[in-house]
Amino acid sequence: MSEGLEYLARGADAELVLARAALARRQGALLAALVAGGPPPPGFDPEQVRAQATGLAAKRRDTVAKVVPELPQLLGPAFGPLFLRYARQRPQDGGYRADGNAFARWALADEAGDPLGPEHRRALEGWLAPAGTRVPAQRSGPLDRLRRALRPQQD
Amino acid sequence: MTTPATTLPRLGVGLGWRTEIDTVVERLPGLDWVEVVAENLCAGHLPESLRLLRERGVTVVPHGVSLGLGGAGLPEPARLARLAEAARALGSPLVTEHLAFVRAGGLEAGHLLPVPRSRDSLRVIAENVRIAQDQLPVPLALENIAAQLAWPEDELTEGQFLAELVERTGVRLLIDVANLHTNRVNLGVDPAAELDRLPLEAIAYVHVAGGRLVDGIWHDTHAHPVTGPVLEVLAELCSRVSPPGVLLERDGNFPSPAELGGELDAIRRVLEGVPQHV
């Protein structure tokens, strides 16, 4: 807790500080299980945790599809399952538009196990890179991957 | 017991204002008030539709979803300031949030998650509520949520936990009858028993929303029609107390204005005590 010292300096009682620390640990472990692939924390019903995790990923998918409608338009029925696969691997970090961009970059990256057909790949590349700044599709050496990773995000 | 310092207004029957249905909301006959998701607002640039409604004297209540007062950390001053600004810009009589946590350990849930309802977390959350109340220009009401999981730490029901928060902080309540129905289907929690545990005089208003049953799980979608069982929970609440306001939440798959008006009429009939045929 970054505000911990200031909080203590204001005279908060020690029991409450400990209760906050314990709550932070438990909530952190549950959220890690729900959005970051962590194990269900002790005492929880694993089925309930799984159902909630599925619900959160589906809500994230639906919200990204609403905020960045180009993605489901470009990928069609492939968008949903692919996004859920992405969501299982990558917790959300930022707004939904940024999430949509991160999803597109994930889908194009080598480590995704090449989940895209050539048509979807071209469509996503065209969408991510504004005309005139496109990296040729056939270039995929380490330097090109680095260049892609360093490309400014279009949020 | 902390008694409410001010009387809350009679709000009447309202609808959640959303950009997709802004003109529909403006034209719905007999609409008493609206609620707007606080995070979608910029206090300095209010949507024209909300300005119009305000000019007509329609009450607008900001409804926050990302404050996370049920979290382990202290409420973030910037988020509280934004909620306060929204209330000032709209001249709102109150603001509302949830009994939920939404982030922890650097991760965002993107959704409202239940808190462990233990005595220890009650002390933490009561302090969070007091901090929020200090920073807000108007009363705060907290909403019960739809949960899909239970904490092993739970010592209190959600109703008992909210009752304790009311007693310790004077916070008001926003009771979502669709969430009570959701928890009945998914977690086996009896809505009537939960209503018995709540200090009904602290209710600021009530939420009603539609959803659907898939494989035995109730999904509180806010994108399907309001169903009979949800209106029955509303009737159960109304048999105990006359709520100052009721608001229909619709967030997607928007129906025709006539259909929305029909759902509001069904709510009015419950408030008037007309038996439901469902």
Side-chain angles (χ1 to χ4, degrees), chain A residues 1-4 6-7 10 12-13 15-38 40-66 87 90-96 98-99, chain B residues 18-20 39 66 68 70-77 100-128 130-131 146-154 182 186-187 214-223 251-253:
Chain A
M1 224 179 295
S2 60
E3 64 272 78
E6 191 199 334
Y7 180 59
R10 290 210 319 261
D13 74 79
E15 253 183 67
L16 202 48
V17 174
L18 289 174
R20 281 192 185 274
L23 186 59
R25 273 196 303 277
R26 288 290 279 163
Q27 290 183 337
L30 177 60
L31 197 49
L34 293 175
V35 303
F44 281 91
D45 176 347
E47 263 310 296
Q48 287 184 352
V49 173
R50 194 195 52 76
Q52 181 78 74
T54 305
L56 293 183
K59 182 177 177 184
R60 183 175 161 192
R61 172 201 63 201
D62 295 347
T63 309
V64 166
K66 196 171 162 183
R90 304 282 175 95
Q92 193 171 350
D93 180 21
Y96 288 100
D99 203 19
Chain B
R18 309 287 183 255
T19 48
E20 296 94 330
E39 282 76 4
S66 66
L74 298 167
E76 291 172 43
F101 83 100
V102 296
R103 61 186 67 83
L107 296 170
E108 292 280 333
H111 193 68
L112 304 159
L113 294 174
V115 301
R117 293 187 299 266
S118 66
R119 294 275 163 195
D120 275 350
S121 59
L122 179 60
R123 296 189 62 209
V124 170
I125 296 166
E127 191 185 43
N128 287 351
R130 276 187 223 107
I131 291 168
Q148 279 183 290
L149 56 81
W151 284 78
E153 284 93 331
D154 286 347
T182 307
N186 298 350
L187 298 173
V214 181
D215 297 334
I217 303 267
W218 184 260
H219 294 262
D220 181 48
T221 62
H222 299 189
D251 295 340
N253 191 17

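Every chain is numbered from 1 and lettered A, B, ... according to where its sequence line falls, protein lines coming before strand lines.
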(request) Find the distance between CZ (A:R50) and CD (B:Q148) and round it off to the nearest 0.5 Å. (result) 10.0 Å
(message) Show the nearest heavy-atom pair for residues A:L31 and B:A104, with the distance to one decimal.
(response) CD2-N, 3.4 Å
Heavy-atom check, side chain of [X] versus side chain of [Y], under 4.5 Å:
| X | Y | result |
| --- | --- | --- |
| B:F101 | A:L30 | yes |
| A:D99 | A:T63 | no |
| B:D120 | B:V124 | no |

(message) If you apply the rule salt bridge (Lys or Arg N to Asp or Glu O under 4.0 Å), what do you find for B:R130 with B:E127, and how did you get there?
(response) CA-CA 5 Å; B:R130 276 187 223 107; B:E127 191 185 43; 5.9 Å; no
(message) Is B:D251 in contact with chain A via its backbone, its side chain, both, or neither, using a 4.5 Å heavy-atom distance?
(response) backbone
(message) Counting only non-hydrogen atoms closer than 4.5 Å, does B:L187 touch chain A with its backbone (N, CA, C, O), its side chain (CB onward), both, or neither?
(response) side chain
(request) Could you tell me which of B:S118, B:A109, B:G105 has the largest number of non-hydrogen atom pairs under 4.5 Å with chain A? (result) B:A109
(request) Tell me, out of B:A150, B:S121, B:P116, who's got the most heavy-atom pairs with chain A below 4.5 Å. (result) B:A150
(request) Mind ranking A:R60, A:Q92, A:R26 by heavy-atom pairs under 4.5 Å with chain B and telling me who comes out on top? (result) A:R26
For [X], is it the side chain, the backbone, both, or neither that has a heavy atom closer than 4.5 Å to a heavy atom of chain B?
| X | answer |
| --- | --- |
| A:E15 | both |
| A:A29 | neither |
| A:P41 | neither |
| A:L18 | neither |
| A:L56 | side chain |

(message) When you measure from the side chain of B:R103 to the backbone of B:S66, do you find a donor-acceptor pair of N or O atoms at a distance under 3.5 Å?
(response) yes
